Amino acid sequence: MTDLAVGVPRAAGAGQAPEPRVLDVARVRADFPILRRQVRGRPLVYLDNAATTQKPQAVLDAITSYYTTTNANVHRGVHLLSQLATEAHDAAREKVATFFNASSSREIVFTRNSTEGINLVAQTYGRWRVNEGDEVVITAMEHHSNIVPWQMLCGERKGHLRVAPIDDSGELVLDALDELLGPRTRLLSVTHMSNALGTINPIPAIVKMAHAKGIPVLVDGSQAAYHMPVDVQALGCDFYVATGHKLYGPTGIGVLYGRASLLEEMPPFLGGGDMIRSVTFEKSTWNELPYKFEAGTPDIAGAIGLGAALDYIGSIGLEAISSHERDLLTYATAAVQEVPGVRLIGTARRKASILSFVLEGIHPHDIGTIVDQEGVAIRTGHHCAQPVMERFGVPATARASFAMYNTREEVDTLVSALERVRTVFG
Amino acid sequence: MGDLGELYQEVILDHNRRPRNFRRMESPSHEAEGYNPLCGDRVTVFLQVDGDRICDAAFEGAGCAISKASASLMTDCLKGCTLGEATDLFARFHRMVTTSTDQEVEDLGKLSVLSGVREYPARVKCASLAWHTLMAALDRETSVSTE
């Protein structure tokens, strides 16, 4: 197991280690049609993967095929297409359960994205468990989506939001976190991997710390899940959220894993069709897991597209992806630091795939616009993590983020584009 | 340099390096803070208005080259303007940076160096932040957001 991989790598069969696979980047690139297009007359160098990843042909085909041959609503028709659509939707859920090693697909709730997953837990578990004077603990490296839902909840329930600090390298201060976890803490919500800094948090240790005090843990896996194998049972967390569009799947589909015993006790989220067992004007009763949390017609094609994306990731292998991306990050970290005036934001010992930086005297927006002229797509701004920017005393950063199809040559293109930025600004 | 030169002209780079009127004004008659939540750019515009005339203008804040140069050029142009002229200049500037690139735009003198921003829709807000903040200051609003 590499030091970047959190959780247990999935073995091909009991007792035998899988053959280590090496990622063939040329073959992978051929699977992503968008990588053949040009941007401003130059080959696209897509380094904004932390915002969203590109989609392999297999995902596009799965969605087209569903709409071309199978489209019908799920869970409600006796006709053939409805049965086929239901089977395909169920199969996608099974794929998600396998991908995250949930003990059952009953523990997999489809959402729109990670944000909705976190809001779902805040509005159901949170409203049920957080009362006046209770506390929710998060960390200083969270994305706005793992801050605002808890602020809203604490405002409504008269609870308190507590924030565990990070150090100058962007690592969570574990002792301080431990001190914050107290008798009134009802939930710890923490990111698996920071979108602004790249830091990977030691989730098993954090979960152990919280569980020792009887505190459930939600892990935001938006950034982590496409970079490293995630095994929710090995992590030990109670909730895990992820978003399909960063897992090489379509936008509009996300995943919430929840421990079945908790999901069963929790009140439902949205009310409507599909989430009920029976309805009268006096009272309704709730459907079984996971449907209790899925009101209305789901994003059927999205779920099927996500299933195809997970199949695709499986065919490449997350270990191979991790290893390839680690090589790129090491290479890029060294190369970008060669550019005079560069300061890296986020230098944790355990990082993946994200290189956030500032250039002395040049605003990240200007960097973004100039490198775009070279066909290089990076993200510039606060990355929906304004408290992180404040912590490091910068209004914004430039962020290059890598995925399985990126190459060292693309890193070289980024670096020469950064040189051009310096030339423009003299 | 091609298209990029249209945006990052020497005048803009110069105003970015050495912004004019970049200072906090003690007891201004008008003041407002502008914020672009998309990128975190902040600018505070200060005015000293005497009767109907702007006799001094200054700004401070943090932002990209485009927003800083725009604020610098704006404050330079405002000095000596009447309030009516300032409002009119806002409208003309706004038109210049939002008119589609295939159409002619009015020559606004040294402000015209910012017309290249039309090629970059994501950057129009950078150029107009200071101007929206100016309008908020004149309207006696304390803060404005460009989103």
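Values in this document were obtained by computation on a predicted structure and should not be read as measured data. A, B, ... follow the sequence lines: proteins, then strands. Residue 1 opens every chain.
A distance of 8.5 Å separates CD of A:Q373 from CG of B:L7, quoted to the nearest 0.5 Å. Residue A:T369 holds its OG1 atom at 7.5 Å from OH of B:Y120, rounded to the nearest 0.5 Å.
Residues B:N16 and A:H363 have side chains that never bring a donor and an acceptor to within less than 3.5 angstrom of each other.
Heavy atoms from other residues, nucleotides or ligands lying under 6.0 Å from CG of B:D52 number more than 12. By the neighbour-count criterion of 12 heavy atoms within 6.0 Å, atom CD of A:E360 is sparsely surrounded, having that number or fewer from other residues, nucleotides or ligands. Within 6.0 Å of CD on A:E156 lie more than 12 heavy atoms contributed by other residues, nucleotides or ligands. Within a 6.0 Å radius of CZ in A:R112, no more than 12 heavy atoms belonging to other residues, nucleotides or ligands are found.
Heavy-atom distances place the side chain of B:L13, and not its backbone, under 4.5 Å from chain A.
With hydrogens and angles ignored, the 3.5 Å screen pairs no side-chain donor or acceptor of B:R42 with any backbone N or O of A:P395.
Interface summary for chain A: among B:A62, B:G63, B:C126, the most heavy-atom pairs under 4.5 angstrom belong to B:G63.
B:A65 and A:D366 make their closest contact through N-OD2, 2.6 Å (heavy atoms, listed as atom of the first residue, atom of the second, distance). When all heavy atoms are compared, the tightest approach of B:Y8 to A:H365 is OH-O, 4.4 Å.
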